[in-house]
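Comments concern the structure below.
Remember, it's 1-based here, ligands and their atoms both numbered in the order they're listed. Numbers for residues simply follow the sequence, beginning at 1. Computation of the quantities below employed the complete heavy-atom set of this structure, encompassing side-chain atoms and omitting hydrogens, waters and symmetry-equivalent molecules.
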Amino acid sequence: MSELSKQVQDVLKLYPDLSAKDTNNGYLISGRFILNSEFSEIPLYDEYFIEMNVSLKFPTVIPTVREVSGNIPEDFEHIYENKELCLGVSCDLYDFLACRPSIIDFLNGPVTSFFYTASYFKRYKTVPYGERSHGIEGIIEAYLERYQLSDIMQLITLLAYVAGIYKYRGHILCPCNSGKKFRNCHGQIVLQDLTSSRNERFKKDAIDIIGYYFNKKGER
Ligand SMILES: [Zn+2]
């Protein structure tokens, strides 16, 4: 039995209301998903019906999830046009799966916090914890956090290295103005992203952010 099909079997044991079937490129896991969790002493219980596609390339490819019973309020905006749930910014989800490449952890982590947020929103018309803006602004927030920066221009300069616009040189001063050499400062994470197996993903985010930033500047 492959590692992935073993993982799917484990999911079915833990979530007996879910079932799985083979698709051409992975598994479709579907059925009732019970939310029963608590945050800041507010316990919430709710029922959703999910369809989750897990690629054979999991965890390199992030699973996609839809809710099919219509239990998510219409004005809850974290759903893509194709009805997939916005479970978080892709670089956060990649980091999560890199540390914990498990479907169960994915369900207990990002999927559960999504539904907790949706149920909380349904009841209180607000969200329970600080969360990222939707779309590109959210991606920018995630990268500012990831690079531990608050200055967007410094982020843009660093991302220009990730995007391949600037060529990496370790001995120059770091663009974050720390006064350290690049290789002893942000050069480390830039190099990590450049050599990561998910480099294409980081590169695309970098190009999207740079493009968005300069378009927005042009509008002013
Ligand atoms: Zn730096």
Side-chain angles (χ1 to χ4, degrees), residues 39-40 55 57-65 77-78 80 84-102 105-106 108-114 116-117 126-220:
F39 179 80
S40 283
S55 161
K57 292 185 190 149
F58 178 87
T60 311
V61 172
I62 300 171
T64 58
V65 184
E77 60 174 5
H78 296 268
Y80 296 115
E84 283 171 11
L85 313 183
C86 174
L87 296 170
V89 175
S90 62
C91 71
D92 290 349
L93 294 175
Y94 283 120
D95 286 348
F96 181 91
L97 289 173
C99 300
R100 292 193 277 176
S102 137
D105 285 348
F106 190 75
N108 291 342
V111 174
T112 297
S113 31
F114 177 91
Y116 185 89
T117 308
T126 175
V127 291
Y129 19 73
E131 53 159 11
R132 301 199 190 290
S133 328
H134 202 54
I136 187 88
E137 301 270 357
I139 299 178
I140 293 173
E141 285 168 28
Y143 274 88
L144 283 169
E145 224 169 82
R146 195 176 140 76
Y147 282 61
Q148 300 186 336
L149 292 172
S150 52
D151 184 309
I152 180 125
M153 202 52 228
Q154 292 174 358
L155 177 71
I156 297 293
T157 310
L158 288 170
L159 290 178
Y161 288 95
V162 176
I165 299 168
Y166 297 156
K167 197 168 157 25
Y168 177 80
R169 288 174 304 147
H171 63 275
I172 61 165
L173 285 176
C174 189
C176 79
N177 289 336
S178 62
K180 292 187 204 162
K181 285 190 175 156
F182 200 18
R183 66 164 158 266
N184 296 325
C185 195
H186 283 90
Q188 294 181 1
I189 189 161
V190 166
L191 264 189
Q192 188 186 309
D193 288 357
L194 277 172
T195 55
S196 156
S197 59
R198 289 186 290 272
N199 169 255
E200 284 307 311
R201 175 82 244 172
F202 292 125
K203 195 170 165 180
K204 187 183 174 299
D205 283 348
I207 290 169
D208 287 351
I209 292 172
I210 294 168
Y212 173 80
Y213 179 76
F214 284 104
N215 275 334
K216 211 175 146 191
K217 252 181 105 181
E219 283 167 15
R220 280 188 212 137

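Close placement of the Y168 and F182 rings is indicated, their centers lying within 6.0 Å of each other.
The salt bridge (Lys or Arg N to Asp or Glu O under 4.0 Å) test with R146 singles out one residue from D92, D95, D205, and that residue is D95.
The closest side-chain heavy-atom distance from Y161 to D193 is not below 4.5 Å.
A pairwise comparison of heavy atoms in K181 and G170 identifies CB-O, 3.9 Å as the closest pair.
For the Zn ion (ligand 1), the neighbouring protein N/O/S atoms at less than 2.8 Å, given as residue and atom, are C174 SG, C176 SG, C185 SG, H186 ND1.
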(request) List the steps, then state whether side chain to side chain contact (heavy atoms under 4.5 Å, CB included) holds for L158 with L149. (result) CA-CA 10 Å; L158 288 170; L149 292 172; 3.5 Å; yes
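For D151, there are no salt bridge (Lys or Arg N to Asp or Glu O under 4.0 Å) partners at least two apart in sequence or on another chain.
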